[in-house]
Structures are given as C-alpha cells and as structure tokens.
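Working notes, beginning with the structure itself.
As the structure lists them, so they are numbered: ligands from 1, and atoms in each ligand from 1. Nothing fancy with the numbering, it's 1 onward along the sequence. Heavy atoms only: backbone and side chains are in, while hydrogens, waters and symmetry mates are out.
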Amino acid sequence: MTQIASNHQDTIAVRAGVGSDTQFGAVIPPLYLSSNYTFSDLDQPRKYDYSRSGNPTRDILAESLAKLEKGAGGVITATGMSAILLALQLLEPGDLLVAPHDCYGGTFRLFSSLADKGCFDILFIDQNDTHAIEQVLLENPKMLWIETPSNPLLQIVDITELCRQFGENVIKVVDNTFLSPIQQTPLQLGADLVVHSTTKYINGHSDVVGGAVIANTPELHEKMSWWANCLGITASPFDSFLTTRGLRTLDVRIKQHIENTKHVVDFLQSHPAVEKIYYPGLETHTNHHVAKKQQSGFGAMISFELKGEIANVKQLVNNLSIFSLAESLGGVESLICHPATMTHAAVPVKDQIKAGINNNLLRLSIGIENCQDLIADLEIGLNRSQLSLIEEVIDTKASGIPEKQLQGENYV
Ligand code: PLP
C-alpha cells in the first residue's frame, strides 16, 4: 500500500488504499473477489494464496484502521462479535477475564456462555467502583475488557488509569465501537488491543456487518492474524471494500453526528417528559472530566429515561417518523432503540437492573439528517408519549371509572 504522508486522521481515512493499484493506476483500489491465487512455481506462493488467510482488499482496510488506531496491525473480521471472539483466543481455561457489568448485550452473552463452558472465568464488575477493582486485582486477572462509553448507559471509565492499575501482565482490550478512532485511540492510552464492530460508525451506512481487532505490537498482531485464519472468521472482500468506502467519510460524518447530537441533547434537557439523560458531554455526567481528557469528542449516542411507564415508551416510539425503531447504531440515519427488549434482551433482567437498564430507558443513535427535523420528530413523539395517557384518563373519567384507579405509580 502507498504510504500516506500524513498523521491527520481525516487524511488517513480518506486516502485508504488510494493510488495503490499499480496495474492500471485506478484511483480507488480494485476489489479482489478471487478466493485463491496462483503459485508462481512449486513451493512458491505469492503474497496471497487463499482469501481466508489474506486478501488485498481486506488488507487495505486492516492497514488503514491500524494507522487510525495508532497500532502495529489490524485484522478484519466478519462481524464485531467475531472480533471479540478473536481477542478471547488469548485466554486459557482458568484465566480470569474482568468485564464491565454494563457492556453490550451480545458481549455479555458471549463472555457468560464461554465461561459456562469452562473456556475461562469471568467477573462482571462496575469498573468505576474502586473497591470492586481492588478486589478483582487480588484474583490475578489475565484480561481486562473495557467498553467506554458503555452500551447503552454511556458510562465512561478512565482507560489510562485502569490500564495502569491492571499492569503490563494483564491483556487490556478496549471496545472502541461507540467512538471510532476519530474520537478515541485507546492504544495510546495503554491498551494492548482495540476491537470494533465496524458495522457501526466505521462503515457508517448500515449495509455491512463487520469487525476489527487492532494490536499494539507486531507479535500480538501476528497472533490475532493466525487465529483469525485458523477460526475462519476473516471478513469477505466485498464487505471490506464497502467498509473502506464508508471509512473515507468517517471524519466528516462524525463531525456532523456530534454537531447534531449537541442540539438534540439541549432539546432533551428542556423537555418535561425526559426524566434523566445519559451523555458524557454533559457537565453533570459523573465522568465528564474523564471523557474530556481521553476523547476528542463526546460521541453521538444518547440514552435517556422517559417519564412514565412502558405504555409511554410505546407511545413515543410509535409517534416518530424520522427516527427508526431499530438495533445497531452509528449509521447516517437516526435510530431509537429500547435496550431492555432489544440490544440487551440477552442480559438476564436481574443483571439489567444491576447495570441500571430499566424499562423506561431509550437509546438514540443520532444521524446526520437535518437537526431541526430530528428535534421536531422527537418533540412530537415526546409530547404524545405523555398525552395519550392523559387522554385515556379523560376518556375513562367520562366512562365513570374513579380517577385514582387509573393512576399507575409512575404516572405523570
Ligand atoms: N461491541 C459493541 C459495543 C456493540 O454495540 C456491538 C453491536 O451492537 C458489537 C460489539 C457487536 O458487533 P456486531 O453486531 O457487528 O457483531
């Protein structure tokens, strides 16, 4: 790949593989779909022999992401979950993995299921609880898993401080999906591996499911590449091509995502139907100062608790016309999700409650549509989320049912 003479994240992202085609001088590198490559002679493989182990299109994405994350090398996987699975290959039975209690539901399910099979031991803790950290350090952990900001509660942990506390004998992994390397580079803060669901901001157009693992040393990169080939979880060339196309606009998309998010947060703060907002950019967020220190932006994910109960939540989501009710995040289009029944349905209710995920929690992925449209849409939804119950009360009053009987304990 041609060397990019720039350390600027926007330039690195835009120029991913540009000018690397030596055959025809194509500006955008061609897509190599071939599953295999000829040997030049017996026992003389070329740079690539079989697409599961190596592919030029996939390598462009891997090298670009490694540059953006300031790592030694990257591996591109078929999904974000397979990127996580890949990092877990560094664990042996009996090793202890320490993970956040409020991580993404799929991560929680994978960790718990593999631990149940005896692949390793697992402890889910609140990584902001200093006592819990002290206790877990006594157990001689092998791997520390960090997800900051966390999904869906946007909790922030101090990557530098946690990596320092766990020390160099512990493998420190950061899931950087929520911010992308444009806003946070965990390898520079002491992590050994960064994982991504490239499905989200990196691809950014909600048309590819993919993942990546970026290592801080060539040795770790080599191990990850070996396991990715062995497990057969490397991404397809076509998905890699599309993801690289998405990557080119990552920086400019992120800027617009963040700009829109600031306005939506301001609006949500002023709306009486909103009980509580989770957004690291707010000065009232517990770890706002940490986010400010380790991130170069506060991201475009917001969670909030709606006043009322599940009926109000239903009214809200059913009255939106721009925000789509869907899982996933990080695409150009705005989404709303109900974590308790959607992204985190795999997390047992008792663990959801422990982590702070309740039935009134909604998560927004702010897209890059016109911000006034987004706010107008939310305003209609939020107003109606409360109105419907009031109307119901009025209706039933007319039908003679005593008012008190109608008021659930959370009724507003
Ligand atoms: N990590 C985080 C933080 C996620 O939110 C997700 C998916 O939502 C994943 C990993 C898994 O990625 P994928 O769905 O691409 O397998």
Side-chain angles (χ1 to χ4, degrees), residues 58 61 65 69 74-88 97 99-114 124 127 145-157 159 173-181 183-184 186 191 193-214 228 231-236 239-240 242-243 246-247 257 278 280 295 299-303 324-331 333 335-347 352 355 357 361-366:
R58 195 168 60 229
L61 179 59
L65 283 181
E69 287 287 3
V75 176
I76 306 301
T77 55
T79 63
M81 288 316 302
S82 50
I84 296 173
L85 182 67
L86 185 55
L88 295 180
L97 166 64
H101 69 161
D102 57 343
C103 59
Y104 164 60
T107 307
F108 186 96
R109 177 175 52 200
L110 180 67
F111 289 175
S112 318
S113 310
L114 290 179
F124 291 103
Q127 293 179 346
W145 198 273
I146 296 175
E147 193 183 295
T148 180
S150 68
N151 181 0
L153 289 167
L154 287 311
Q155 300 296 321
I156 302 290
V157 294
I159 300 176
V173 189
V174 177
D175 185 331
N176 203 21
T177 299
F178 263 42
L179 291 177
S180 91
Q183 295 177 85
Q184 181 169 268
L193 289 178
V194 163
V195 302
H196 275 286
S197 166
T198 56
T199 315
K200 312 298 175 349
Y201 290 103
I202 288 174
N203 178 57
H205 294 76
S206 305
D207 49 13
V208 178
V209 176
V213 178
I214 297 103
L231 292 167
I233 55 174
T234 47
S236 79
D239 284 354
S240 305
L242 281 181
T243 306
L247 180 70
H257 279 294
Y278 299 87
Q295 301 174 197
M301 298 299 298
I302 311 165
S303 290
S324 309
L325 178 64
E327 296 185 357
S328 200
L329 59 112
E333 73 291 345
L335 303 177
I336 186 163
C337 148
H338 183 242
T341 56
M342 294 170 73
T343 48
H344 289 67
V347 180
Q352 285 191 14
I357 301 167
L361 186 77
L362 288 152
R363 193 192 74 183
L364 301 177
S365 172
I366 304 299

inquiry  = Applying side-chain contact (heavy atoms from CB on, under 4.5 Å) to V195 and W145, what does each step give before you reach the verdict?
reply    = CA-CA 10 Å; V195 302; W145 198 273; 3.8 Å; yes
inquiry  = Apply side-chain contact (heavy atoms from CB on, under 4.5 Å) to residues Y201 and T177 and explain how you reach the verdict.
reply    = CA-CA 7 Å; Y201 290 103; T177 299; 5.9 Å; no
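Within the 4.0 Å heavy-atom cutoff, K200 counts among the residues contacting ligand 1.
Using cut-offs of 30° and 60° for the angle between ring planes, the F124 and F108 rings count as parallel.
Of the possible polar contacts, one joining the N176 side chain to the Q184 backbone as a donor-acceptor pair under 3.5 Å is found. Put simply, the side chain of T148 gets close to the backbone of V157: a donor and an acceptor are under 3.5 Å apart.
Atoms of ligand 1 lying under 4.0 Å from any heavy atom of M81, numbered from 1 in the order shown and given with element: 11 (C), 12 (O), 13 (P), 16 (O). Close approach of ligand 1 to G210 is summarised as follows: ligand atoms under 4.0 Å from at least one heavy atom of the residue are 15 (O). Proximity to N151 (heavy-atom distance under 4.0 Å) selects the following atoms of ligand 1: 5 (O). Which parts of ligand 1 touch G80 is read off a 4.0 Å heavy-atom cut-off, strictly below it: atoms 12 (O), 13 (P), 15 (O), 16 (O).
When the options T148, T199, V195 are ranked by their closest heavy atom to atom 15 (O) of ligand 1, first place goes to T199. The option from L329, D175, T77 that lies nearest to atom 2 (C) of ligand 1, judged by heavy atoms, is D175.
Side-chain atoms of E333 and S206 include a donor-acceptor pair closer than 3.5 Å.
Here's the thing with F178: none of its N/O atoms is less than 3.5 angstrom from an N/O atom of ligand 1. Annotation: T107 places no N or O atom under 3.5 Å from an N or O atom of ligand 1; distance criterion only.
With rounding to the nearest 0.5 angstrom, the CG atom of L86 is 8.5 Å from the CG atom of L193.
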